[in-house]
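Everything numeric here is computed off the predicted structure, so don't read it as measured data. The figures here come from the full heavy-atom set of this structure, side chains too, leaving out hydrogens, waters and symmetry mates. Within every chain, numbering begins at 1; the chains are lettered A, B, ... in the order of the sequence lines, protein sequences first and strands thereafter.
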Amino acid sequence: MEIPTKYNPKEVEKRWYAFWEKENLFAAKVNPKKKPYSMVIPPPNITGILHMGHALNNTIQDIYIRFKRMQGFESLWMPGTDHAGIATQNVVEKMLIEKGKKRYDLGRDKFLEEVWRWKEKYGSAIIDQLKRLGCSCDWPRTRFTMDEMFSDAVLEVFIRLYNEDLIYRGDYIINWCPRCQTALSDEEAQHREIDGMLYYVKYPVATTDDGRRTTDDKGFVVVATTRPETMLGDVAVAVNPKDKRYKGLKGKTLVLPILQRELKVIFDSKVDPSFGTGALKVTPAHDPVDFELGIAHKLEPVNVMNNDATMNEAAGDYKGMDRLECREALIEDLKERDLFIKAEPHKHSVGHCYRCHTMIEPRLSKQWFVRMKPLSVKAREAVEKGKIKFYPKRWTKVYLNWMSNIRDWCISRQIWWGHRIPVYYCKKCYEQTTDDRRQTRDTGIIVSKTKPEKCPHCNSTEIEQDPDVLDTWFSSWLWPFATFGWPVEKTTDDGRRTTDEKAKAELDYFYPTDVLVTAQEIIFFWVARMVISGLKFMKDIPFGDVYIHGTVRDDTGTKMSKSLGNTIDPIDIIDKFGSDALRFSIISITAQGQDVFLSPQKFEIGRNFANKLWNASRLVLMNLKEDMVKKDLCQIRLRQGRKSQEVCFGGQVANEKFTLADRWILSRFYEALGDFTKSLELYRINDAANRIYEFIWHEFCDWYLEIAKLTIDEPHTQITLYKVLEKSLRVLHPVMPFITEDIWQRLPREHTTVSVMVTKWPHMQKEFIDKKVDKEMQLLIDVIQAVRNLRATWRIEHQKEVDVFIKVKNKKVLAALNTNVKYINKLARVGNLDVSTRIKKPKHSAVSVIHDIEIFIPLEGIIDIDKEKKRLEEKVNNLQSELKRVEGRLKNKGFISKAPKDVVQKAKGRKELVKVEINSLKKNLSAL
RNA sequence: GGGCGGGUAGUUCAGUUGGCUAGAACGACUCGUUUACACCGAGUAGGUCACAGGUUCGAGUCCUGUCCCGCCCACCA
């Protein structure tokens, strides 16, 4: 059979991927004869390129999809991308800036055209990369969150939630990114600890004795703040009612420095007396706690900042300054007025935009929110009751904790790229009020998928759509069902209800999906919210299992990220080592749920393995005789002990012809198959990969192939080789799809299956697992290793055959060894082998004892005994003098105290080493 | 402040419900090109499993405490 000497991954990958696509092997459809197995891809962001995190994530998923497909499931992997509102808009804006344009110059419509153009051009880069990884997604189904179909689902969900009062609009403190100029959800604000300052500022007590307001310089309250610039928006100072220091403030007011605004003193138990001075400045428009205090004490918020975090009119003379600039200036002014006390270093954590890493400004703003509490109840239960299981289990707690402390979700974004909020305002009916924090649902708000022609209340045609778009996650959270075409029931333009039969059938069949494979970073953003939406809109969980894999880091433990420049590009690795090498390597080093530390070197594991497999296959292919193996393998029978079982393996070869080695490798194969399958089912993917690696390399190649060479032309060997290789390829296929396909296609076969990827998963044949055979073979291996070991210690020339005498006590052992003499001869380079219960130790022989077996190799004539004796004696002498030197050094106190520690350590180590070596040499000497 | 993960050969890590004589890969060392493979083969050396107690016939594994490293959550003004 033809097979190239060298394995060429690039060629193989290109060829077989095209073949799989051409044969349409990735497609899945409703098939009542098969059970479904389905999975959705965590939609990569269209601005992204494949990084190692994706490579890990998608390799895992592809393994499961391929594994289940082979197990006979109708296996669907639904691919797609999300529109990544903020990220994409940022990318396109940057591009425009390079051309000297801003998005406002273009206007909304033109800008969006620009984004779509960008998306068409670059948005599918990551899809092509996933193909190079070997992902067997049902590509014609590829979805995008901004597809018409998908968008319809998003609007539908918005409207349904709005109608159930689960979506509302209101003024709340939100996370504002001054650079992206949009609101963010709590999850999008990443908290990072920074070294800030805590500033102490005097707030004078106002006196009103004579009716006029004056400032009493002696009376003041000191407040501590980390953001002094927000004091311009202060409306009160709060203290704890139990705090004795501030009892005297009852009924008094304070004066806000600089702006001279009068501030109430309020008493609230939320204030922690032990922090700072125990007095808290209250800025409802710029701080979440203050905002709540403001509501509780009916205070009017004062917003002092613009969208870009510069100060607005309310900031008086500071208007136009940047927030940090203002901070500096304000402190100077306070110092001038003797109202500044001190600034002390203070560590605290501050939110940063997850897209551009700008420091977030908490800010009062009118936004749309989803009421999460009522929605979260079922999502919590589903996990508590075990309907959804996390692997590893520990994430259950993280999920439940988040669900129990869930807060409303801010879903409006002040950007242009995304699903525009399906809300229209009648200018006449709608009164823009900032103080009304309640939903104004009846006054001029029309929620609709399309623009209404006129206001249903006043018939006015002056109608405007809300300018904001929805959070990208507000579409992603619908992924498991919106990708199938939900909602199934649609209302046509003329008001008729229609049902999308195809979508209905597919949802019935494929939903809920089986497993979600994702990274820990995304549990709150996506996993938790999908559970919520699935239970809400499909009345069922979106997936049964959630497998959370680790984060990919570099070898110093830092998370791989583009901005840090410590990434390893998976495509580079594929170019250099091959896709299979990448897949195998990354899987084999990723323990369940543990973070992965990568360096380019680690991909050699997979490359070497692919090479090994290729060469082993070459050996087999070059020697297989087509007519001997091209029979249905399930005809051979193998006798098991006394029971003559009908074992599904065989043909015309008599049972007895199968040797110990044949039976052994079959036994080992089925054991490996069982372990592999079980590990995959428990999401212990690295165990699975390493198990098959161990089998192929260290059992099949190291032992069986060496033995098989002795009888390569005999039918029993031919059949065993073929069977084990062919089945191993199938088992390995989910992990290394390309190389296994290429080799498999070269195997002689008469069945009509087009590809290894659609062959059946090898069925478990426990009958072949034979502990007795394993044990017997292990004995043989031990003996061979012992002989090799003796050869090495006695420096016996590689080519030279030796005579070996083996003394055994057990008759069974005797028989076992005697029937396999030829293996020992070949694998240990033995000339005459004498196994018996009555062996006497020959003169001048090397000795080894394993179990209760003694092995002797007479050295006379093999090595020059006198010379060897001399050599050993000389060596012992040399070592002994070295030992003396080292010991002398170690006794020298000067050396111990002055030499570097590692030198001392090395000396100590050397001492022990030399001692051990001397002992072993002496032992050898005594044998001569 | 709360929660989670980790500390095992020189290095990077496995080690499932306690049974281990603690494994692998890379690196080191000694041999070796016998026609599948030097991206290889044979062999060797390397470990008080962070520390201190406890439970047990038996602990890397379970319990308690301590010390490091990393991550996540939180309204630390």
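Legend: salt bridge (charged side-chain N to carboxylate O under 4.0 Å, His left out) pairs involving residues 692-702 of chain A, not counting sequence neighbours, sorted by first then second residue: A:R668-A:E699. Within the structure, salt bridge (charged side-chain N to carboxylate O under 4.0 Å, His left out) pairs that include any residue of residues 270-281 of chain A comprise A:D234-A:K281, A:K270-A:E292 (at least two apart or interchain).
In terms of the salt bridge (charged side-chain N to carboxylate O under 4.0 Å, His left out) criterion, A:K775 has no residue partners (sequence neighbours excluded). Contacts of A:R529 classified as salt bridge (charged side-chain N to carboxylate O under 4.0 Å, His left out), with partners at least two apart in sequence or in another chain: A:E187. Partners of A:D687 under the salt bridge (charged side-chain N to carboxylate O under 4.0 Å, His left out) rule, at least two apart in sequence or in another chain, are A:R684. Applying the side chain to side chain donor-acceptor pair (under 3.5 Å) rule to A:E229 yields the partners A:R327; only residues at least two apart in sequence or on another chain are considered. With sequence neighbours left out, A:Y7 forms a side chain to side chain donor-acceptor pair (under 3.5 Å) with A:D580. Not counting sequence neighbours, A:E11 has no partner by the salt bridge (charged side-chain N to carboxylate O under 4.0 Å, His left out) test.
B:G2 and B:A45 have their P atoms separated by 49 Å, with the value rounded to a whole Å. B:A50 and B:C31 have their C1' atoms separated by 38 Å, given to the nearest Å. For the C1' atoms, the distance from B:U21 to B:U66 is 32 Å, rounded to whole Å. One C1' atom belongs to B:U17, the other to B:U61, and the distance between them is 10 Å to the nearest Å. A distance of about 33 Å separates the C1' atoms of B:G43 and B:U16, rounded to the whole Å. Nucleotides B:G60 and B:U55 have their P atoms positioned 16 Å apart, rounded to a whole Å. Taking atom P on both B:C29 and B:C69, the two are 35 Å apart, rounded to the nearest angstrom.
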Interface polar pairs with nucleotides 7-11 of chain B, N/O, under 3.5 angstrom:
none

Please list, for nucleotides 14-17 of chain B, all pairs of protein and nucleotide N/O atoms separated by less than 3.5 Å.
| residue | atom | partner | partner atom | Å |
| --- | --- | --- | --- | --- |
| B:G15 | OP1 | A:R684 | NH2 | 3.1 |
| B:U16 | O2 | A:R684 | NE | 3.1 |

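For A:T226, counting side-chain heavy atoms from C-beta on, the closest listed nucleotide (B:A77, B:C71, B:C75) is B:A77. Residue A:V271 places its side chain closer to B:A77 than to any other of B:G43, B:A77, B:A74. Of the listed nucleotides (B:C72, B:A77, B:C26), B:C26 has the atom at the smallest distance from the side chain of A:Q601.
Put simply, CD1 on A:I523 is 14 Å from P on B:C4, counting in whole angstrom units. Remark: C1' of B:A24 and CZ of A:F695 are 18 Å apart, rounded to the nearest angstrom. B:A25 atom P lies 6 Å from atom OH of A:Y693, rounded to whole Å.
Using a 4.0 Å heavy-atom cutoff across all strands shown, A:A610 reaches no nucleic acid atom at all. Using a 4.0 Å heavy-atom criterion, one finds that A:R691 contacts no nucleic acid atom at all. Within the 4.0 angstrom heavy-atom criterion, no nucleotide atom of any strand lies near A:E292. Among the atoms of the strands shown, base atoms are found under 4.0 Å from some heavy atom of A:D272.
Look at A:R788 and you won't find any side-chain N or O under 4.0 angstrom from OP1 or OP2 of B:U44. Using a 4.0 Å cut-off, no side-chain N or O of A:H191 falls inside it from OP1 or OP2 of B:C72. For the pair A:N789 and B:U44, the criterion of a side-chain N or O lying under 4.0 Å from OP1 or OP2 is met. Residue A:R394 has no polar side-chain atom (N or O) positioned under 4.0 Å from OP1 or OP2 of B:C72.
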>> Show, in sequence, the C-alpha distance, side-chain angles and deciding distance for A:L184 and A:C410, and conclude whether the side-chain contact (heavy atoms from CB on, under 4.5 Å) test is met.
In response: CA-CA 7 Å; A:L184 298 173; A:C410 174; over 6 Å; no

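Annotation: of the two residues near RNA chain B, A:E187 and A:A224, the 5′-most nearest-nucleotide partner is A:E187. The residue among A:G276 and A:A189 whose nearest nucleotide of RNA chain B is located toward the 5' end is A:A189.
For the residue pair A:E726 and A:W744, a side-chain donor N or O sits within less than 3.5 Å of a side-chain acceptor on the partner. Side-chain polar atoms of A:D268 and A:N240 form no donor-acceptor pair below 3.5 angstrom. Donor-acceptor pairing under 3.5 Å is lacking for the side chains of A:E706 and A:Y823.
B:G46 takes the syn form, because its glycosidic angle lies no more than 90° either side of 0.
Residues A:Y354 and A:F525 bring their aromatic ring centres within 6.0 Å.
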> How does protein contact run along nucleotides 29-41 of chain B, one letter per nucleotide 5' to 3', with B for base contact, S for sugar-phosphate only, - for none, heavy atoms under 4.0 Å?
Replying inline: ---SSB-BB-BSS

> How would RNA chain B look in dot-bracket form, 5' to 3', counting Watson-Crick and G-U wobble pairs with both distances under 3.5 Å and writing | for bases paired to another strand?
Replying inline: (((((((..((((.....[...)))).(((((.......))))).....(((((..]....))))))))))))....

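Tested against A:F584, the residues A:F738, A:W697, A:F609 include a single ring-ring contact (aromatic ring centres under 6.0 Å, His included) partner, A:F609.
A:E604 has no carboxylate O lying under 4.0 Å from a charged side-chain N of A:K602, or vice versa, which leaves the two without a salt bridge.
Closest heavy-atom contact between A:F695 and A:S728: CE2-OG, 3.5 Å.
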